[in-house]
Asks: 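Please see the structure below; I have some questions.
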Amino acid sequence: MLTVLTPSAPQRSAGSPIRVVIADDHAIVRDGLRTLIESHADLTVVGEAANGEEAWQRARDLAPDVLVLDLSMPGTAGLEAALRLAHDCPGVRVVALTMHEERGYVTQMLRAGVAAYVLKRTASAELVQAIRTVASGGSYVDPSLAGDLLTESRAGSRSAESELPADLSAREREVIRYVALGYTNKEIAAALELSVKTVETHKANAMAKLGFRSRAALVRFAIQQNWLNP
C-alpha cells in the first residue's frame, strides 16, 4: 500500500480569490467552465485535469481551495475518486459536477466526502454558488435534488429522533435539515413561512445545542441521522 504525504491546503487570506481546479475529460467543457469561473473576480482557475488520476495529482500538487470534479471521467472516477481525494487531500473541497440524478448516488457521494453535488443541466449560477459555499466551509446540494431528499429523509429520520438532544425542538430540527441540504436562510424562511431572523435564531440555537461550529459538521451529523438517506 502506497503511503502518500498529504499537502496542507494554503490558508486563503481575506480578499484573495478562491483557487479552483477543473477536472473534466472534455476540453470544450473545461474551456467553458474556466470562462464561467474566471468571469467572477473572487474566483480563479489554477489548474485543469482530463481524467481521475490527473485530478488527484492536481489536487495534491496545487492544493486548491476547490476541485470541480466530473464524476464520469476515464480511469479513477465517481465514488472511487471521491474517496481517494477525501483520504489523500482532505483540505481540498470537492464539488461533484455530474448528470447523475439518482438520489441514492447523491447520498453515496456525500458519504464519500463530496462537499457539493451539482447537476450539469443546472444553471451556471448554481455552480458558482456551490464553489463559494464549499470554499467557506459549507456544503451544497443541487436545489432540484435537495427538496426530494428533504421530503424522503423525514420518514427515514424518525427512528433516529430519540438520539437527538432532548431539548432540540421540532422546528430547530426542521431548520437544520434544510441547512444540511444546502438551503440559504432566505430559502428556508420561504419554505417554512418564517422570517429570516427567526430561521437564523433556530439555526444558531440548534448548532449550539449540538455543539457544532460549521455546516460541514452539521452535514456529517445529518448523514449519520439518515436525514439525507432516501
Side-chain angles (χ1 to χ4, degrees), residues 1-13 16-100 102 105-120 122 124 126-142 214-216 219-220 223:
M1 182 177 181
L2 180 63
T3 300
V4 180
L5 294 177
T6 304
S8 299
Q11 294 297 313
R12 189 161 50 88
S13 59
S16 63
I18 298 168
R19 302 169 67 255
V20 182
V21 165
I22 301 167
D24 193 288
D25 57 324
H26 296 99
I28 192 169
V29 174
R30 294 198 304 274
D31 289 345
L33 290 174
R34 177 183 282 273
T35 298
L36 166 66
I37 292 169
E38 294 198 328
S39 67
H40 298 271
D42 62 328
L43 309 177
T44 184
V45 176
V46 297
E48 297 183 11
N51 56 56
E53 187 67 24
E54 285 185 6
W56 174 78
Q57 193 66 53
R58 298 292 184 277
R60 287 191 65 245
D61 294 346
L62 301 173
D65 300 304
V66 178
L67 170 64
V68 177
L69 178 69
D70 176 15
L71 296 181
S72 301
M73 293 187 295
T76 305
L79 184 61
E80 182 184 354
L83 289 169
R84 188 177 182 187
L85 286 162
H87 180 270
D88 295 341
C89 311
V92 179
R93 306 282 283 165
V94 177
V95 173
L97 185 61
T98 179
M99 67 181 74
H100 297 293
E102 298 83 1
Y105 191 66
V106 178
T107 303
Q108 272 192 323
M109 299 309 298
L110 291 171
R111 288 181 181 274
V114 165
Y117 197 98
V118 181
L119 297 177
K120 285 189 172 182
T122 300
S124 58
E126 297 297 338
L127 175 60
V128 172
Q129 182 178 343
I131 292 172
R132 288 171 175 157
T133 298
V134 303
S136 64
S139 300
Y140 188 92
V141 176
D142 196 288
S214 70
R215 180 177 289 180
V219 170
R220 285 193 295 270
I223 292 173

Asks: What's the separation between atom CD1 in I22 and atom CG in L69, rounded to the nearest 0.5 Å?
Replies: 12.0 Å
Asks: Without swapping roles, check the side chain of D24 against the backbone of V29 for a donor-acceptor pair under 3.5 Å.
Replies: no
Asks: Rounded to the nearest 0.5 Å, how far does OG1 of T122 lie from CG of L127?
Replies: 9.0 Å
Asks: Restricting to side chain to side chain contact (heavy atoms under 4.5 Å, CB included), what partner residues turn up for A116, sequence neighbours left out?
Replies: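 Partners of A116 by the side chain to side chain contact (heavy atoms under 4.5 Å, CB included) criterion, ordered by chain and then number, come out as V95, A130, V134, Y140.
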Asks: What residues, two or more places apart in sequence or in another chain, satisfy salt bridge (charged side-chain N to carboxylate O under 4.0 Å, His left out) together with R34?
Replies: E38, E48
Asks: More than 12 foreign heavy atoms under 6.0 Å from NE2 of H26: is that the case here?
Replies: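 No, the 6.0 Å shell around NE2 holds no more than 12 heavy atoms from other groups.
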Asks: Nearest 0.5 Å, what's the CE-CG distance between M99 and D70?
Replies: 7.0 Å
Asks: Any sub-3.5 Å donor-acceptor pair from D142's side-chain atoms to Y117's backbone N or O?
Replies: no
Asks: Go through it in stages, so that I can follow the logic: the residues are V20 and V68, the test is side chain to side chain contact (heavy atoms under 4.5 Å, CB included), and I'd like the CA-CA distance, side-chain angles, deciding distance and then a yes or no.
Replies: CA-CA 7 Å; V20 182; V68 177; 3.8 Å; yes
Asks: For H100, which residues count as a ring-ring contact (aromatic ring centres under 6.0 Å, His included) partner, sequence neighbours excluded?
Replies: Y105
Asks: Say you draw a straight line from CE of M73 to CD of E53; how long is it, rounded to the nearest 0.5 Å?
Replies: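 Reported value, rounded in 0.5 Å steps: 10.5 Å.
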Asks: Which heavy atom in D65 sits nearest to a heavy atom in P17, and how many Å separate them?
Replies: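 Looking at all heavy atoms of both residues, the shortest contact is OD2-O, 4.1 Å.
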Asks: How many angstroms lie between atom CG of D88 and atom CD of Q57, to the nearest 0.5 angstrom?
Replies: 10.5 Å
Asks: Please list, chain by chain and in numerical order, all residues satisfying side chain to side chain contact (heavy atoms under 4.5 Å, CB included) with A49, sequence neighbours excluded.
Replies: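 Residues passing side chain to side chain contact (heavy atoms under 4.5 Å, CB included) with A49: A23, E54, A55, R58.
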Asks: When rounded to the nearest 0.5 angstrom, what is the spacing between CD1 in I131 and CG in L33?
Replies: 8.0 Å
Asks: What I'd like to find out is whether the side chain of S139 reaches to under 4.5 Å of the side chain of R93, using heavy atoms alone.
Replies: yes
Asks: Within a strict 4.5 Å, meaning less than it, do heavy atoms of the N51 and D25 side chains meet?
Replies: no
Asks: List the residues meeting side-chain hydrogen bond (donor to acceptor under 3.5 Å, both in side chains) with T44, not counting sequence neighbours, and say none if there are none.
Replies: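 Residues passing side-chain hydrogen bond (donor to acceptor under 3.5 Å, both in side chains) with T44: none at all.
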Asks: Determine, step by step, whether K120 and L97 satisfy the side chain to side chain contact (heavy atoms under 4.5 Å, CB included) criterion, reporting the C-alpha distance in whole Å, the side-chain angles of both residues, the deciding distance to 0.1 Å, and the verdict.
Replies: CA-CA 6 Å; K120 285 189 172 182; L97 185 61; 3.9 Å; yes
Asks: Find out whether V92 and L85 are in side-chain contact, i.e. whether some heavy atom of one side chain is under 4.5 Å from a heavy atom of the other.
Replies: no
